[in-house]
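What follows is a short report on a single structure.
No hydrogens, no waters, no symmetry mates; every other heavy atom, side chains included, goes into these values.
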Amino acid sequence: MTDSMSRWAGSYRMRLALGYMLVVALFAGLWGWSLFGPLTTTVIDQQQTHLQSVAQAGVLVLAQPGTDISDSVQRLVARTDLRMTVVASDGTVLADSEEDPSVMENHSGRPEIESALEGSVGRDIRESATQGVEQMYVAVPATYEGRRVALRVSESLERISELSAQTRSTGLALLGSALVLALLFGSRIATLTARPVERLAQAATTMASGDLVASVPNEPGALAPLADALTRLRAQLRERIGALEIEQTNLRAVLDGLDDAVLLLDGERVTISNRAAGELFNLSPYDSGQQTLAGSGLPASVVSAIRSNLQDKKRSTVELGPDPRGRTLRVSVVPMQHGAGAHGSLVVISDVTTRAKVEQMRRDFVANASHELKTPTAGILLLSESASHAVEDGDTRQAMAFVSQIRDEATRMRQLVSDLLALSRLETTPEQGAVTDVREAVGLSLSAHSRAAAAKDIALRADFSAVSDIDVFVAAHHTDVAIALDNLLANAVTYTESGEVVISADTTADEVIIKVADTGVGIPAEDLPRVFERFYRVDRSRVRDSGGTGLGLSLVRHVVERSSGRVDIESTPGKGTCVSITLPRAR
């Protein structure tokens, strides 16, 4: 029996009950103190009368002509605990002894102000909106510069309470002593009761803040199961957070390994963005949800495309562009279900500019190639029919002329097919480790074009004076170099009526520069940026007469790009053209 009572007396519930009883006793004492209320009412009435007197004195001051209202208000309540306010008839605060009138709200709704503006004395007790403490207000009607205003004087009830406390100090002495004893016993019991709970609460708070290393205190009695539960919870959280951190690290590695921009949205809030998104749109990766879709810096067209598909229940894809920067973007929005009533979206943005350009180039190439093949084919068919008719008519001479033209058209078709095959070869993966002797390649190209140059009485020569004492090799396949030199020399000879064509070579530590210069007709400045495009012709009629296909300089560009080099062109109409190709030097 004694042990049961002892356990009951020491239980958490009993200690909590004692605390409640002490609180009740404290409220009982406060209720006894409230019996002195009439005395407080009397003190309040006296103070209101005093405030009214101060306000009436202020009325006399404001009525004087030329009064500085702000200075007068300050002087009237100087060295007192009072506060004075002057309010216009529309509720605007004209002056205040403690606050800046310009930042104070309109006072037209204050009860005491309304009464004063109506011509009577207004009184009210409430909490001040500007100071946050309970105040007693007395407002009287006044006149300032010929206008009706309200002059209000207020005092903190704390001051009034102090006056009341001084009056009833003797009567409250005994109750104060009782309260002190109650507080001492209550504090001691509350400490004994709350201390273990506070220790467990502190441990739980530490765990919630992310610190899963701190120990959980072992509490005796009824709190022991709670302490054990917190210890097990801490171990489980450490395991789960460790697993989540590994998963998050793996997720970030996967996302950062993607070339496409990836955004994870919670509504319109960006919770995750990967490295590619940062590079493409200057987004901060893993921004922890601080960015919204509208404020993320994404292009407006992309934001609009995402928003229009956020409510879809199926994956949606839209292609945008090209934009003013020339980019073509493909935006895919995949809906995700996070939980009951929570929806998110996975957004994948791919920069398909290169693919779009390649596709456009493919379409243009097919169209141009079809056109270029169609023209000689139609010519051969027409000429063969004409030759057949000439033979039937017995006109052998005309028939031979048609046959000669058929041969020219067939030659053009063969050259076009040869250029297309060369172009196809240059678009394949280059052979690794290929090396070409520039002197040998130049010599072969000069031999191949010497007859055409001689037929036009053009000097065709090589200039190796800059590399006379060194061997010059480039890291490129010999067939690629031959294609580039043959096309450059063919163009130079074709468009030079008189003078010379010179091919020269020079070197730097890592590069070889080969130049083909002529004294031909030159190229207009407006055509220079496009001469390396496929099938582009500066003068279509002249190219056709010369048998060109429009692929020569395009092949040259492919050769140098395939070998990680570059090509440049300079030309002056009427004076000539110089094309420079720079290729990596082989050691």
Side-chain angles (χ1 to χ4, degrees), residues 404-405 407-419 422 436-468 472 474 476 478-506 512-524 527-528 531-532 536-560 567-583:
S404 177
Q405 293 180 26
R407 181 187 62 193
D408 294 340
E409 292 295 333
T411 301
R412 289 188 67 252
M413 183 180 292
R414 182 183 64 182
Q415 182 61 42
L416 178 60
V417 171
S418 176
D419 286 348
T436 300
D437 185 345
V438 172
R439 280 191 174 84
E440 181 180 349
V442 170
L444 292 174
S445 295
L446 289 176
S447 298
H449 295 276
S450 59
R451 180 177 298 179
K456 298 182 67 174
D457 197 20
I458 298 173
L460 182 61
R461 63 185 179 87
D463 180 6
F464 291 113
S465 59
V467 292
S468 58
V472 183
V474 292
H478 63 87
T479 303
D480 295 353
V481 178
I483 291 173
L485 294 180
D486 285 344
N487 280 282
L488 290 178
L489 288 176
N491 279 351
V493 172
T494 299
Y495 295 109
T496 301
E497 298 299 334
S498 61
E500 64 177 358
V501 175
V502 180
I503 182 168
S504 60
D506 199 354
V512 175
I513 302 97
I514 304 172
K515 294 183 179 181
V516 177
D518 62 56
T519 57
V521 296
I523 302 172
D527 291 312
L528 284 176
V531 293
F532 292 103
Y536 183 78
R537 296 186 174 99
V538 177
D539 186 344
R540 290 185 173 271
S541 61
R542 183 175 179 85
V543 172
R544 185 166 185 81
D545 292 341
S546 64
T549 63
L551 290 172
L553 290 179
S554 177
L555 291 172
V556 174
R557 177 175 61 86
H558 276 279
V559 165
V560 296
V567 60
D568 300 292
I569 186 169
E570 298 177 357
S571 184
T572 302
K575 293 185 178 181
T577 301
C578 179
V579 181
S580 303
I581 60 174
T582 303
L583 297 172

* Asked: Do Val438 and Val481 have side-chain heavy atoms sitting under 4.5 Å apart?
  -> no
* What's the shortest heavy-atom distance between Ala482 and Ser445, and which atoms? -> O-OG, 4.5 Å
* Asked: Are side-chain heavy atoms of Arg439 and Val467 found at a separation under 4.5 Å?
  -> yes
* How long is the span from the CG atom in Leu485 to the CD1 atom in Ile581, to the nearest 0.5 Å? -> 5.5 Å
* Asked: Can you find a heavy atom in the side chain of Leu488 that is under 4.5 Å from one in the side chain of Ile503?
  -> no
* Structure fact -> Correct closest heavy-atom pair for Ala492 and Val501 would be CB-CG1, 3.7 Å
* Asked: In Å, rounded to the nearest 0.5 Å, how long is the span from CG of Asp568 to CG of Leu528?
  -> 11.5 Å
* If every non-hydrogen atom of Thr494 is compared with every non-hydrogen atom of Lys456, which pair is closest and at what distance? -> O-NZ, 3.1 Å
* To do: Quick one: pull up CD in Glu500 and CG in Leu460 and give me the separation to the nearest 0.5 Å.
  => 9.5 Å
* To do: With rounding to the nearest 0.5 Å, note down the distance linking CG in Asp506 to NZ in Lys515.
  => 7.5 Å
* To do: Give a yes or no answer on whether the side chain of Thr519 reaches the backbone of Ser498 with a donor-acceptor pair at less than 3.5 Å.
  => yes
* **Which atom of Ser571 lies closest to which atom of Ile523, heavy atoms considered** => OG-N, 2.7 Å
* Would you name the heavy atoms of Ala462 and Val442 that are closest together and state the gap between them? => CB-CG1, 4.1 Å
* Which atom pair, heavy atoms only, marks the closest approach of Val493 to Ile458? -> O-CD1, 3.9 Å
* Interatomic spacing from OG1 in Thr577 to CG in Asn491 - rounded to 0.5 Å -> 9.0 Å
* Measure the spacing between CG of Asp518 and NZ of Lys575 and express it to the nearest 0.5 Å. => 14.0 Å
